[in-house]
K.L.:
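So that we are looking at the same thing, I have put the structure below in structure tokens.
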Amino acid sequence: MNVYAIFADHVRAAVTALQEEGRVPAGLALARVVVEPPRDASNGDLATNAAMVLAKDAGMKPRDLAVLIAGRLEGLPQVTKVEVAGPGFINISLDPAFWPTVLAEVLRKGTAFGASTLGAGEPMNVEYVSANPTGPMHVGHCRGAVFGDAMASLLAFAGYKVTREYYINDAGAQVDVLARSAFLRYREALGEEIGAIPEGLYPGDYLVPVGEALTKEHGPALAALPEADWLPVVKDAAITAMMAMIREDLAALGISFDVFFSERSLTQGEDRVGATIAQLRTSGEVYEGRLPPPKGAPIEDWEDREQILFRSTDFGDDVDRPLVKSDGSYTYFAGDIAYHKDKFDRGFLRMIDVWGADHGGYVKRMQAAVKAVSGGTASLDIELCQLVRLTRNGEPVRMSKRAGSFVTLREVVDEVGRDAVRFMMLFRKNDAPLDFDLGKVIEQSRENPVFYVQYAHARAQSILRNGRVAFPDLPQGREGFADADLARLDDSGEIGLLMRLAAWPRLVEQAATAREPHRVAFFLYELASDFHAQWNKGKDLPHLRFIMENDLGLTMPRLGLVHGVATVLASGLALLGVEAVQEMK
RNA sequence: GCACCCGUAGCUCAGCUGGAUAGAGCGCUGCCCUCCGAAGGCAGAGGUCGCACGUUCGAAUCGUGCCGGGUGCGCCA
């Protein structure tokens, strides 16, 4: 139950009724009408902008219209007062017994409270990570991985049928480099002295086991072959090993995918990239032409030649984009078009790609491609994640020798834990740079939001455990508290918590619509803050404690509130992929 | 040169898709601290929302132009 959505319907119904009575003109656009919690509690429980939004089209003064609408709302159940205020706000006050009914719903539904039908079961493809299979994941991949995963969870909670997908870039020149690097480790495993890893090859020692495995399987046989013969063998083995490693890294972060899609599969057997280009040529989106040399940094070996181009300028891109390289092979973009066409062919009209900010220049052409390939019926949202600056107590973190030149995701997760990494990656808008301090995220203080939110959940569980000590006959599960006399929750802090819980379904929909899982993290922080504050209140004011010795009648609703807070905390943490702990270690 | 992202308190950042007196943490100041669970609590000061026009009942939010920072700019993935 989304209180605000329900009352928005009431307001629209009120306007419709007035229209039928002829007191308000027909044909008003009701979509802009919203019901929100007023910022200031003195303005009631709910507020709507309806009169101000509709006044112009209705040809009426906002306050006059507001009075008419307000008159209609007064008769609604639960409504105790309706006031017109300011430029035309309609402020609605509810029966004090209303907010506890929301808690009763939380207690009955559990973590299903807040789930939305917004997505209406529509298929939604979320592609993220898609790191090259050339080594372990590093911290740079981490943010996109966590962001994509949390957003997929959020969209699923909001009612979409989500598929999580990883595109394996196993077709380009980089995997050839990987193969040559692995071959060197293979010769090393055979006993050969290889010396320093040459420039241009991957130096990380994660390839050592790949070389050893190759000797076990092939003995020295590969070393005698020309590159053209050993390369495919070594490449397959190396990619398989790298993907296994990446899956382990992802598992360490609590991430798994529904689909791993291989770039190579697009050209193995039938040439699906070529087929896609042919299709676009038929529809007029592909042509032969010349491009002007790019502005900015001059390109030394610029060669003006006729090439096969995708007409992305038709969709708002700056220039048309080449699909075939000078050596005749497809560009990465060409493969990506075929890949997104495959998503479309699998029934996805809605797709989301999560990329690093350094790929920002690629957004328009990819969106153009999805439009072209789907005849304009599919849409692609692209969310960019800015860089992460990794520090330890303010100092930049050193590079890892083992991995070659970067800090691996695994090192970070091993040091501070999955929960801290995930929460901090989500405690910032994705399009803003993020400072991640290894020292601060394990601090146990209010400064550290990970701790603060988890502590709130642990504290709630602790209170419930203590409650069962004081009152051994308390219900076991949260449902047993739904029938308590919840209307006794009348302290301002308690009501504030109830209103916060009531805001959860609305926040889910907003965060899902905006593709912004960070809003969930901030919401949880605020809920935790409210909850800690109420607990602290009980320090000075014993009559406000959650557990009232000798007063089961009051303890029951208060423990119901604690259950409700814990439930929503757990629900939100689950979306973020962070554990709702029973106690702090 | 062009495109995209970002400019909000001293610092790090939120700001509910245009609403009422712009919020939080840290830092600063002042009180309190034998509490169901230590890892503190409460309160206060502090902002021309980069600048300027515009859109309208109403702008931190939308548009345009500047200023400042970041990212990217055939045949890399």
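Here is how names work: the chains are called A, B, and so on, in the same order as the sequence lines, proteins then strands, and each is numbered from 1.
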K.L.:
Look at all strands and tell whether A:Asp358 reaches a base, only sugar-phosphate, or nothing, counting heavy atoms closer than 4.0 Å.
P.N.:
sugar-phosphate
K.L.:
Taking any heavy-atom pair under 4.0 Å as a contact, classify A:Ala511: base, sugar-phosphate, or nothing.
P.N.:
nothing
K.L.:
Hey, does A:Gly86 reach any base, or is it just sugar-phosphate, or nothing, if we go heavy atoms under 4.0 Å?
P.N.:
nothing
K.L.:
Starting from P on B:rC32, measure out to CG on A:Leu541 and report it in whole angstrom.
P.N.:
17 Å
K.L.:
Is the terminal nitrogen or CZ of A:Arg506 (NZ for Lys, CZ for Arg) located under 6.0 angstrom from the six-membered ring centre of A:Tyr4 and within 45° of that ring's axis?
P.N.:
yes
K.L.:
Between A:Phe261 and A:Tyr339, does the ring centroid distance fall short of 6.0 Å?
P.N.:
yes
K.L.:
Roughly, in whole Å, what's the span from CD in A:Gln386 to P in B:rC6?
P.N.:
9 Å
K.L.:
Among B:rA14, B:rA38, B:rC75, which nucleotide sits nearest the side chain of A:Lys325?
P.N.:
B:rC75
K.L.:
Using a cut-off of 6.0 Å, state whether more than 12 heavy atoms not belonging to A:Lys235 lie near its atom NZ.
P.N.:
yes
K.L.:
Applying ring-ring contact (aromatic ring centres under 6.0 Å, His included) to A:Tyr167 and A:Phe260, what does each step give before you reach the verdict?
P.N.:
CA-CA 6 Å; A:Tyr167 185 47; A:Phe260 283 89; over 10 Å; no
K.L.:
Measuring from the side chain of A:Ala533 (C-beta onward, heavy atoms only), which nucleotide among B:rG74, B:rC42, B:rA39 has the closest atom?
P.N.:
B:rC42
K.L.:
Is there aromatic stacking of A:Phe89 against B:rA20, centre distance under 5.5 Å, plane angle under 30°?
P.N.:
yes
K.L.:
Phosphate oxygens OP1/OP2 of B:rC73: is one of them under 4.0 Å from a side-chain N or O of A:Lys364?
P.N.:
no
K.L.:
Classify the nucleic acid contact of A:Asn43 as base, sugar-phosphate or nothing, counting any heavy atom under 4.0 Å across all strands shown.
P.N.:
base
K.L.:
Given the rule that a pair is Watson-Crick or G-U wobble with both distances under 3.5 Å, how would you write RNA chain B in dot-bracket, using | for pairs to a different strand?
P.N.:
(((((.(..((((.....[...)))).(((((.......))))).....(((((..]....)))))).)))))....
K.L.:
Please tabulate, one pair per line, each protein N/O and nucleotide N/O from nucleotides 21-28 of chain B that are separated by under 3.5 Å, including the distance.
P.N.:
none

K.L.:
How does protein reach along nucleotides 56-64 of chain B, written 5' to 3' as B (base within reach of a heavy atom under 4.0 Å), S (only sugar-phosphate), or - (no contact)?
P.N.:
-BB------
K.L.:
Go through the N and O atoms of the side chain of A:Asn91 and the base of B:rA20, and report whether any donor-acceptor pair is under 3.5 Å.
P.N.:
yes
K.L.:
Let me spell it out: for each of A:Ala47 and A:Glu516, pick the nucleotide of RNA chain B with the closest heavy atom. Which residue's pick is nearer the 5' end?
P.N.:
A:Glu516
K.L.:
For residues 326-337 of chain A, which residues have at least one heavy atom under 4.0 Å from RNA chain B?
P.N.:
A:Ser326, A:Tyr332
K.L.:
Taking only nitrogen or oxygen atoms into account, show me every contact under 3.5 Å that the protein makes with nucleotides 9-12 of chain B, one pair per line with its distance.
P.N.:
{"residue": "B:rU12", "atom": "O2'", "partner": "A:Arg428", "partner atom": "NH1", "Å": "3.4"}

K.L.:
Please work out if A:Lys61 contacts a base, only the sugar-phosphate, or nothing of the nucleic acid, heavy-atom cut-off 4.0 Å.
P.N.:
nothing
K.L.:
Quick check on contacts: within residues 303-319 of chain A, what sits under 4.0 Å from RNA chain B by heavy-atom distance?
P.N.:
A:Glu303, A:Asp318
K.L.:
Could you please name the option among B:rG41, B:rU17, B:rA20 that lies closest to any side-chain atom of A:Lys539?
P.N.:
B:rG41
K.L.:
Assign A:Glu443 to base, sugar-phosphate, or nothing according to its heavy-atom contacts below 4.0 angstrom with the strands shown.
P.N.:
nothing
K.L.:
Need one value for A:Phe522: base, sugar-phosphate or nothing, where a base atom within 4.0 Å counts as base even if backbone is also close, heavy atoms only.
P.N.:
sugar-phosphate
K.L.:
Hey, which sits more toward the 5' end of RNA chain B by its nearest nucleotide, A:Phe427 or A:Arg545?
P.N.:
A:Phe427
K.L.:
OP1, OP2 of B:rA38 versus side-chain N and O of A:Arg459: anything below 4.0 Å?
P.N.:
yes
K.L.:
Does A:His518 contact B:rA14 through a side-chain donor or acceptor facing the base, at a distance under 3.5 Å?
P.N.:
no
K.L.:
Would you mind reading off the distance between A:Trp355 atom CH2 and B:rC4 atom P, rounded to a whole angstrom?
P.N.:
15 Å
K.L.:
May I ask you to say what A:Ala514 touches in the nucleic acid, namely base, sugar-phosphate or nothing, with a heavy-atom cut-off under 4.0 Å?
P.N.:
base
K.L.:
Taking A:Phe451's backbone N and O only, do any of them form a donor-acceptor pair with A:Gln444's side chain (distance below 3.5 Å, no angle check)?
P.N.:
no
K.L.:
Could you walk me through whether A:Gln534 and A:Asp491 pass side-chain hydrogen bond (donor to acceptor under 3.5 Å, both in side chains), step by step?
P.N.:
CA-CA 10 Å; A:Gln534 188 64 15; A:Asp491 175 69; 3.1 Å; yes
K.L.:
Starting from C1' on B:rC13, measure out to CE on A:Met424 and report it in whole angstrom.
P.N.:
11 Å
K.L.:
Applying a 4.0 Å non-hydrogen cut-off, can you work out what A:Arg519 is touching in the nucleic acid: base, sugar-phosphate, or nothing?
P.N.:
sugar-phosphate
